[in-house]
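First listed ligand is number 1; within each ligand, the first listed atom is number 1. Bear in mind that the values here come from a model prediction, so they are computed numbers and not experimental data.
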Amino acid sequence: MSMSYADVLLPLPLPSLFTYKVPGDMSASIRIGMRVVVQFGKKKLFTALVRNLHNRPPRMAAKELISLVDQFPIIYPIQFAFWEWIAGYYMCHPGEVMNAALPSALKLNSETKISLIPDHGFNISNFSEKEYRIVTALERQNEINIGEAARIAGSQNVVHLINSLIEKGVVEAFEEVAERYKPKTEKYYSLADVYQHNEKALGTMLDYLEKRAPRQNEVLQALLYHLPPGSTQEIGIARSILLGELPHAESALQALVEKGMVIENIQAVSRFEKHAATRQVSEITLAEYQQLALEKIHEFFQNHVPVLLHGITSSGKTEVYIKLIEATLRQGKQVLYLLPEIALTAQIITRLRCYFGDVVGIYHSRQSDAERAEVWNKVKSWDSKKELDFHPSSIILGARSAIFLPYSNLGLIIVDEEHDSSYKQYEPNPRYHGRDAALYLATMHGANLLLGSATPAIESYFNARQGKYGLVEMNERFGNILLPNVQVVDVKEATAQKQMKSIFSQTLLDAIDIALTNHEQVILFQNRRGFSLRIECPRCHYIPGCQQCDVTLIYHKREKHLRCHYCGFHQPVQPSCPLCNHPELTLIGFGTEKVEEELSLLYPEIRIARMDLDTTRSKHAHHRIISSFEERRIDVLTGTQMVTKGLDFDNVSLVGILNADNMITYPDFRSFERSFQLMAQVSGRAGRKSKQGKVIIQTRHPSHPVVEQVIGNNYQGMYESQILERQRFLYPPFVRLVKISLKHKDPAMLDLAAANFAGMLRKEFPGKVLGAEYPLVSRIRNYYIKELLIKLARDATLPAAKQTIARLIGIFLKNPQHKQVRIVVDVDPM
Ligand code: ADP
Ligand code: ZN
């Protein structure tokens with residue numbers, strides 16, 4: 001039955017769907033999940049998604065849909081339901097989830113154009129020189145877009161110009177919607193059908209060409225070489241291959257096509273490099289403890305219980321994953337393999353391709369829009385009936401946003417390094433946690449869920465202890481590699497005994513010497529990037545700070561500037577103190593860049609690389625650094641968190657943690673857990689098959705419990721002590737946190753507004769509201785920030801509590817006094 005109305009979802013932060021009328025010519029083809037173009041607001045056009053079709057006329061007159069973009073739905077109903085769950089759980093709007101979920105290449109791009117209003121009767125003397133140029137261009141051209149207008153007027157501020165022309169009643173603006181994603185195509189050639197099965201005709205033609213058109217003959221011979229007559233390959237041979245062998249033969253090929261002897265057809269081709277589809281490792285033999293773990297996992301899966309695989313570093317979790325993936329592929333289902341960090345994908349993809357061949361799709365934010373759209377379409381067109389197993393894209397390896405791909409039959413989700421806080425999206429909405437959302441996604445698909453880590457999140461381990469997850473442990477390292485020997489250097493004592501050379505203790509330098517002499521590699525971990533933490537005037541203690549944020553600026557030596565790590569603001573270093581004119585400013589503290597430089601002063605002959613946010617901005621930077629290190633073209637790798645994560649190097653014998661203190665002393669209820677995870681993970685990079693690795697931790701708190709737990713590789717100890725603290729002070733997993741940040745440009749107004757809102761919350765949630773307080777960084781980009789924390793019970797009352805919070809925010813923002821206040825809600829903040 002054809003439906004007259006469509007409720008559509010717009011990619012905007014709006015609380016509801018909007019109803020449009022379906023024009024008669026669209027009603028036969030429109031389906032839920034297709035994209036449509038709609039007008040929303042006065043002039044704006046948007047791509048929206050059809051969510052419902054029905055025959056109930058809305059109360060207000062509905063506008064008509066402008067056009068239908070798709071022939072087939074691009075969204076499955078199950079995806080809508082998933083988006084709606086995310087919006088509900090993380091307290092945001094489904095339109096915001098849609099915006100995050102769809103690759104931008106699939107959203108249409110609305111480009112403003114302008115044209116002259118007919119019969120405007122304008123007066124030339126009214127126009128500025130630049131306005132005049134635009135008007136005369138429009139008389140010639142009918143319509144131009146904003147970019148062209150800027151070029152014609154030779155002006156940067158073209159929006160201002162156009163607004164002025166609109167006010168004068170001369171031009172009008174409208175939006176044109178253009179689709180941005182175009183599949184990459186290539187031309188293919190094959191022999192015309194008439195010659196395929198008629199050798200005589202073919203022979204005659206070749207003779208003819210040999211005499212009259214030798215170039216064309218050559219092209220045809222090459223074609224026949226690749227595609228003998230009667231061959232079954234349908235699409236033909238690619239232009240790049242054919243002409244690659246015969247330069248300057250384009251016109252001859254064109255002539256053959258025009259004569260109808262050769263057929264040309266255009267095919268969409270992949271933007272990704274082709275990988276050898278051959279499997280290099282056909283069989284993995286699991287060690288006994290791995291086999292046991294695998295069997296236990298299967299058992300839990302049979303009872304539809306998610307599993308936490310707690311396996312120490314190098315226990316071979318990846319091998320167990322591979323077995324589980326293979327079993328899932330054999331059932332003709334899809335596998336999603338999530339990783340917290342793009343840096344990790346390169347190593348894992350190589351390991352998976354080695355085993356499965358070219359069946360792995362990758363999806364993360366560093367890819368181009370077009371690449372993301374291509375993976376989206378590949379997953380969308382996945383069909384288990386077509387090829388039962390080893391279908392390309394049956395395995396998707398991705399960062400958190402890969403949960404949004406259009407899966408139709410997920411069998412398994414693996415969340416590797418599940419403890420990692422990079423799974424949480426901080427900004428903007430939806431502020432979701434990839435691991436927790438994956439749990440829901442798995443439930444929807446009836447898929448198995450495996451969380452893996454050497455240092456599980458306290459929440460996950462708690463869930464496992466409670467029986468909500470199955471707990472499977474692997475406490476051996478593959479090949480019986482010994483756990484590294486961890487040694488602590490007391491920096492206070494070393495300084496007193498003059499045993500520190502710049503930022504390195506003599507103990508660490510001696511160990512580096514030994515490793516280098518043995519041609520082994522070293523990883524040095526420093527939690528901060530930049531050269532030095534800050535600059536200070538030794539006389540008046542002036543410290544340069546950011547103009548827009550409440551933080552000190554960090555010195556970056558290579559760029560010779562001071563930079564704000566929150567807003568990106570930067571300025572050159574002053575030659576003298578701007579307050580007291582003292583001629584020299586001193587550097588205090590140190591970051592990754594300084595580690596790199598100091599080390600190269602001590603060891604001028606060795607090869608050092610640095611991996612942090614600053615060195616990995618370009619698309620393939622991670623990959624380059626990691627493979628150079630793997631291939632031993634780098635002796636020492638220094639870096640931030642990025643070097644701590646599940647990378648597997650086989651020649652690293654020493655790991656140095658340069659300063660454990662800034663992690664341990666960070667004021668947050670998770671700082672001990674995080675410090676343990678970071679240190680245990682980076683320590684796990686040390687050690688080789690034949691030899692025990694060494695870890696050296698430099699700290700001013702050598703007897704701190706976390707340091708001792710790292711030394712003993714004592715995850716349980718860390719867990720037991722932390723879970724008691726969490727219970728005593730009511731933190732997750734015993735409650736759910738909702739963080740509400742209020743922002744305002746004026747601190748006095750913010751204080752007032754925050755106090756008001758805190759009062760409203762306390763009335764509804766007595767004894768459960770903390771704050772409002774200034775966070776550690778209390779001003780970012782000129783907005784002052786205050787935070788409130790609400791502790792909610794982890795039970796069935798949670799959805800109602802969230803609704804109450806949403807209602808209070810609505811009331812609060814309606815008050816004209818709070819008009820300038822911005823509110824951000826973060827559920828399960830990290
Ligand atoms: P984890 O992820 O648990 O830290 P990995 O999966 O990276 O550990 O394994 C550590 C190393 O041991 C890797 O080089 C891996 O190839 C090797 N390994 C683990 N299990 C096996 C196995 N069953 N057969 C061969 N090599 C294995
Ligand atoms: Zn700033």
Side-chain angles (χ1 to χ4, degrees), residues 279-298 307-327 335 337-341 343-356 360 395 397 414-420 450-457 460-461 471-484 520-521 523 626-627 629-632 641-653 655 676-693 695 710 713 715:
R279 308 207 242 151
Q280 291 152 23
V281 184
S282 50
E283 211 31 73
I284 287 177
T285 314
L286 292 184
E288 203 179 304
Y289 69 93
Q290 293 172 328
Q291 186 61 37
L292 272 171
L294 180 68
E295 281 160 20
K296 267 178 103 175
I297 294 170
H298 275 306
V307 173
L308 172 64
L309 174 60
H310 176 208
I312 58 173
T313 51
S314 280
S315 54
K317 291 183 288 296
T318 319
E319 278 64 27
V320 175
Y321 300 158
I322 286 175
K323 292 287 182 190
L324 292 167
I325 293 171
E326 190 178 2
V335 176
Y337 187 144
L338 288 174
L339 283 165
E341 180 90 40
L344 279 173
T345 52
Q347 254 196 0
I348 297 288
I349 196 92
T350 314
R351 285 172 75 175
L352 293 181
R353 284 206 168 118
C354 200
Y355 193 79
F356 293 108
V360 185
I395 310 173
L397 182 68
I414 294 167
V415 184
D416 198 9
E417 312 292 347
E418 62 86 28
H419 63 277
D420 200 302
L450 184 76
L451 309 179
S453 175
T455 54
S460 302
Y461 205 72
L471 181 61
V472 177
E473 315 226 30
M474 295 199 294
N475 293 315
E476 287 176 53
R477 298 186 115 193
F478 184 75
N480 285 321
I481 307 170
L482 291 170
L483 275 165
E520 292 156 350
Q521 291 166 293
I523 291 179
I626 290 169
S627 38
F629 195 57
E630 277 175 338
E631 290 157 16
R632 307 188 189 180
Q641 268 91 308
M642 286 182 190
V643 300
T644 69
K645 305 196 173 171
L647 296 162
D648 175 34
F649 301 115
D650 62 4
N651 189 40
V652 174
S653 65
V655 165
F676 178 86
Q677 286 163 341
L678 278 170
M679 289 193 272
Q681 289 283 348
V682 73
S683 303
R685 309 304 133 221
R688 299 187 304 150
K689 300 222 158 63
S690 50
K691 193 176 162 189
Q692 185 179 27
V695 176
V710 173
N713 194 36
Y715 175 83

Element-labelled atoms of ligand 1 that are located less than 4.0 Å from some non-hydrogen atom of [X]:
X    : answer
I312 : 3 (O)
R351 : 5 (P), 6 (O), 7 (O), 9 (O), 13 (C), 15 (C), 16 (O)
T318 : 2 (O), 5 (P), 6 (O), 7 (O)
T313 : 4 (O)
L286 : 23 (N)
T285 : 22 (C), 23 (N), 24 (N)

Compare every heavy atom of [Y] with every heavy atom of [X], then report the nearest pair and how far apart it is.
X    : Y    : answer
I322 : F356 : O-CZ, 3.6 Å
P456 : Q677 : O-NE2, 3.5 Å
R477 : I312 : CG-CD1, 3.7 Å

With the threshold set at 4.0 Å, does a side-chain nitrogen-carboxylate oxygen contact exist between E473 and K296?
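Between K296 and E473 there is no salt bridge, as every charged N stays at least 4.0 Å from the carboxylate O atoms.
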For ligand 1, is there an N or O atom under 3.5 Å from any N or O atom of R685?
no
Within the structure, does G316 bring an N/O atom to less than 3.5 angstrom of an N/O atom in ligand 1?
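Between G316 and ligand 1 (N or O atoms, distance only) the closest approach is under 3.5 Å.
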Note: heavy atom closest to atom 22 (C) of ligand 1, options F649, F478, Y289, belongs to F478
Using the ring of each side chain (for Trp, its six-membered ring), is H310 parallel, tilted or perpendicular to Y715, with breaks at 30° and 60°?
tilted
If we only consider heavy atoms of S315, is any one of them less than 4.0 Å away from an atom in ligand 1?
yes
Give a yes/no on ligand 1: does D650 have at least one heavy atom closer than 4.0 angstrom to it?
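No; D650 lies far enough from ligand 1 that no heavy-atom distance drops under 4.0 Å.
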Does the salt bridge (Lys or Arg N to Asp or Glu O under 4.0 Å) test come out yes or no for E295 and K323, once each step is laid out?
CA-CA 11 Å; E295 281 160 20; K323 292 287 182 190; over 6 Å; no
For E631, does the CD atom have more than 12 heavy-atom neighbours from other residues, nucleotides or ligands under 6.0 Å away?
yes
Are the side chain of E417 and the backbone of G452 linked by a donor-acceptor contact shorter than 3.5 Å?
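No; judged by distance alone, with no hydrogens or angles, the pair does not exist.
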